[in-house]
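Just so you know, these numbers use all the heavy atoms, side chains as well, and skip hydrogens, waters and symmetry mates. All chains are named by letter (A, B, ...) in the order of the sequence lines, taking the proteins before the strands, and each is independently numbered beginning at 1. From a predicted model like this one, the values you see are computed outputs, not experimental measurements.
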Amino acid sequence: MAKGSSSNSKHSKARGTVKSKASKEASKQGSSAKRSGKPSEPASQGAPASANALARGAEVRHWLFKSEPDVFSFQDLQKAAGRRTGWDGVRNYQARNFLRDDCRVGDLVVFWHSNAEPPHGAGLAKVVRPGHPDPTQFVKGHDHEDPASDPADPRWMQVEIEALRAFGKPVTMEALRADPRSSGMLLLAKGQRLSIQPLTREQYELVLELGAG
DNA sequence: GCCAACGTTGGC
DNA sequence: GCCAACGTTGGC
């Protein structure tokens, strides 16, 4: 599923949810692309360097993946074959880099329902397959198709995740903000739209605690 | 439904 | 390479 897709849900039929959809691709010149090597990618900035550093350091990492429940919910994941899905549809370079470079098998994932009323953490999942090309970028007519992506050098990546368990109660932003341990969470930062976010162990544990039934 | 924040596009 | 226009994200 697409997880990344966007809000327009209409289109995204995909499974995923991420809401990122759109994609038009970016393309052109970019300039910066640093990490990957490929020439041309816009550098997305968004995430603070500290987020990258955070993700790269620890052995077990913790993540927060956003998905619009109308597009693909945690319950959809629980009902999926093998309780698994490919997290397709991510069309943002920084999020892509996390999926490609930093997510490892065994990493734990907080499944966040964005564009929900209210937005909330819904459950826990784990990464079961590391970064690999997102097949939807090559599907003609698919909402997440990216005609500019070269099959010999795919632009967009996904990981597979598997549902572990739903939270006993939804974890809201309000509940997170009320605890000082949420300090620094990208999720709570104004204007932060990144759909794949690293969490510190402390932030992750706070989410679990707040979600305990 | 609004709209601020932000990323991308593309003319120049 | 700048930057205005445009499209998207996602909380509120």
A/Arg96/A/Asp134 ion pair, N-O < 4.0 Å: no
Spacing of A/Leu186 atom CG relative to B/dA5 atom C1', expressed in whole Å: 14 Å
Nearest-Å distance for atom pair CE/P, residues A/Met173 and C/dG11: 5 Å
Proximal nucleotide (of C/dG10, B/dA4, C/dG11) relative to the A/Pro119 side chain: C/dG11
Under-4.0 Å side-chain N/O to phosphate OP1/OP2 contact, A/Arg177 with C/dC12: yes
Pair A/Asp146 + A/Arg155: basic N to acidic O under 4.0 Å: yes
Integer-rounded Å distance: C/dT9 C1' and A/Phe65 CZ: 18 Å
side-chain N/O A/Trp112 vs C/dT9 OP1/OP2, d < 4.0 Å: no
Nucleotide C/dT9, atom P - distance to CZ of A/Arg193 in whole Å: 8 Å
Basic-acidic side-chain contact under 4.0 Å: A/Arg181, A/Glu205: no
Integer-rounded Å distance: C/dG11 P and A/Leu194 CG: 13 Å
Selected nucleotide, minimal atom distance to A/Tyr93 side chain, candidates C/dG11, B/dT8, B/dA5: B/dT8
d(CG, A/Asp70; C1', C/dG10) in whole Å: 13 Å
A/Gln137 side chain to A/His144 side chain, donor-acceptor N/O pair below 3.5 angstrom: no
A/Glu68 CD to C/dT8 P, straight-line distance once rounded to whole Å: 13 Å
Euclidean distance, atom NE2 of residue A/His144 to atom C1' of C/dT9 [Å, nearest integer]: 13 Å
Under-4.0 Å side-chain N/O to phosphate OP1/OP2 contact, A/Lys66 with C/dG10: yes
